[in-house]
Asker: 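If you scroll down you'll find the structure; I have some questions about it.
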Amino acid sequence: MEIVQIVGLGLIAAILVLVVKEQKPMFAFLISAFAGIVIFLFLIGKIEAVIEVLDSLAERSGIEPIYVKTILKIIGIAYIAEFGAQVVRDAGQDGIATKIELAGKVLIIVMAIPIISVIIETVMKLLPA
């Protein structure tokens with residue numbers, strides 16, 4: 001039932017933004033940003049539970065923890081960049097939002113280099129010499 005609360009908060013925030021936007025555009029943006037942050041904070045507990053399950057699965061499967069942590073960091077970068085870009089886009093700054101998305105993609109590539117290296121090394125070992 002948490003989704004009902006999240007959707008309810010989103011609908012209330014959207015209605016408030018529509019009502020306030022004509023008179024005070026700055027307040028409309030603040031309402032929108034506040035709603036987004038509250039929804040994000042509401043989901044942090046769920047994200048922690050998923051991380052714990054993935055860590056447990058990785059530990060039982062024998063995967064090195066550094067790889068799981070790196071993948072989780074990459075996922076975190078993707079979500080945070082998307083969230084930040086959406087907030088900035090709501091403020092009417094599409095150019096800045098695009099730069100945030102680009103920065104997120106570059107950071108993801110940088111974080112993925114160790115995993116890509118291991119994959120390439122593994123493939124090289126499998127190929128006949």
Side-chain angles (χ1 to χ4, degrees):
M1 282 305 179
E2 289 122 355
I3 191 65
V4 174
Q5 293 172 328
I6 292 170
V7 171
L9 175 63
L11 289 173
I12 291 168
I15 292 168
L16 285 173
V17 166
L18 290 174
V19 170
V20 174
K21 193 174 196 176
E22 298 292 322
Q23 302 296 322
K24 302 279 185 181
M26 183 61 169
F27 286 132
F29 169 71
L30 291 174
I31 291 168
S32 177
F34 178 75
I37 291 169
V38 168
I39 290 169
F40 185 74
L41 292 174
F42 183 76
L43 295 174
I44 285 180
K46 305 297 181 195
I47 293 169
E48 286 176 345
V50 170
I51 290 170
E52 288 174 12
V53 169
L54 291 175
D55 279 341
S56 172
L57 288 172
E59 187 176 307
R60 286 189 291 178
S61 68
I63 296 173
E64 290 190 43
I66 188 72
Y67 299 127
V68 175
K69 289 186 188 321
T70 301
I71 290 171
L72 290 173
K73 286 178 184 178
I74 288 170
I75 293 169
I77 289 169
Y79 280 130
I80 292 169
E82 177 67 20
F83 179 77
Q86 287 176 4
V87 170
V88 171
R89 205 169 267 123
D90 286 346
Q93 300 298 317
D94 286 336
I96 296 172
T98 303
K99 301 325 181 271
I100 290 172
E101 290 170 342
L102 175 64
K105 291 172 186 175
V106 169
L107 290 173
I108 286 170
I109 292 288
V110 169
M111 294 287 300
I113 288 173
I115 294 173
I116 293 169
S117 298
V118 168
I119 291 170
I120 291 172
E121 288 173 12
T122 303
V123 169
M124 295 300 285
K125 289 177 185 175
L126 294 175
L127 294 175

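Since the structure is predicted, the reported quantities are computational estimates derived from the model, not experimental observations.
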Asker: Looking only at non-hydrogen atoms, find the nearest pair between Ala58 and Val68 and report the distance.
Answerer: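 In terms of heavy atoms, the two residues are closest at CB-CG2, 3.1 Å.
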Asker: Would a distance-only check, ignoring hydrogens and angles, find a side-chain to backbone donor-acceptor pair under 3.5 Å from Ser56 to Glu52?
Answerer: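 Not a single qualifying donor-acceptor pair exists.
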Asker: Would you kindly confirm whether Ile109 and Ile75 end up in one hydrophobic cluster when ILVMFWY residues are joined by side chain heavy atoms under 4.5 Å apart?
Answerer: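 No.
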Asker: Shared ILVMFWY cluster between Ile63 and Ile71, side chains joined below 4.5 angstrom?
Answerer: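 Result: yes, single cluster for both.
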Asker: Apply the ring-ring contact (aromatic ring centres under 6.0 Å, His included) test between Phe40 and each candidate in Tyr79, Phe83, Phe34; give the one that qualifies.
Answerer: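 Filter result, single survivor: Phe83.
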Asker: Same hydrophobic cluster for Ile74 and Ile51, using side-chain heavy-atom links shorter than 4.5 Å among ILVMFWY?
Answerer: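 No, because Ile74 and Ile51 fall into different hydrophobic clusters, even though each may have its own neighbours under 4.5 Å.
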Asker: Do you know the tightest heavy-atom contact between Lys21 and Ala28?
Answerer: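 Shortest heavy-atom separation between Lys21 and Ala28 comes out as CA-CB, 3.8 Å.
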Asker: Between atom CG of Asp90 and atom CZ of Phe29, what is the distance when rounded to the nearest 0.5 Å?
Answerer: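 Rounded to the nearest 0.5 Å, the CG-CZ separation comes out at 7.5 Å.
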Asker: Same cluster or not: Leu30 versus Val88, using hydrophobic residues (I, L, V, M, F, W, Y) connected whenever any side-chain heavy atoms lie under 4.5 Å apart?
Answerer: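 Hydrophobic grouping puts Leu30 apart from Val88.
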Asker: Minimum heavy-atom separation for Ile108 to Ala78, with atom names?
Answerer: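 Minimum heavy-atom separation between Ile108 and Ala78: CD1-CB, 3.9 Å.
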Asker: Let me confirm one number: the OG1-CD distance from Thr70 to Glu64, rounded to the nearest 0.5 Å.
Answerer: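 The OG1 atom of Thr70 sits 10.5 Å away from the CD atom of Glu64.
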Asker: Using 0.5 Å steps for rounding, measure from the CE atom of Met111 to the NZ atom of Lys69.
Answerer: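 If we round to the nearest 0.5 Å, Met111:CE and Lys69:NZ are 11.5 Å apart.
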Asker: Evaluate whether atom CD of Glu59 has more than 12 neighbouring non-hydrogen atoms of other residues, nucleotides or ligands under 6.0 angstrom away.
Answerer: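 Atom CD in Glu59 is not packed in, count stays at 12 or less.
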Asker: Can you check whether Leu102 reaches Thr98 side chain to side chain, under 4.5 Å on heavy atoms?
Answerer: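 No, side chains not in contact.
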Asker: Are side-chain heavy atoms of Arg89 and Glu101 found at a separation under 4.5 Å?
Answerer: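 Contact flag for Arg89/Glu101 side chains = yes.
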Asker: CD1/Ile31 to CD1/Ile12 distance, rounded to the nearest 0.5 angstrom?
Answerer: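 Nearest 0.5 Å value for the CD1-CD1 distance: 11.5 Å.
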Asker: Where is the tightest heavy-atom contact between Ala35 and Leu9, given as atom of each residue plus distance?
Answerer: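 Looks like O-CD2, 4.1 Å.
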Asker: In Å, rounded to the nearest 0.5 Å, how long is the span from NZ of Lys73 to CD1 of Ile80?
Answerer: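 If I round to the nearest 0.5 Å, the distance is 12.0 Å.
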Asker: Kindly compute the distance separating CG (Leu72) from CD1 (Ile47), expressed to the nearest 0.5 Å.
Answerer: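 Leu72 atom CG to Ile47 atom CD1 measures 10.5 Å (nearest 0.5 Å).
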Asker: Does Phe27 have more than 12 heavy atoms from other residues, nucleotides or ligands lying within 6.0 Å of its CZ?
Answerer: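 Result for CZ/Phe27: open.
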Asker: State plainly whether one hydrophobic cluster holds both Val20 and Leu11, where clusters connect Ile, Leu, Val, Met, Phe, Trp and Tyr through side-chain heavy atoms under 4.5 angstrom apart.
Answerer: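 In one cluster with Val20: Leu11, no.
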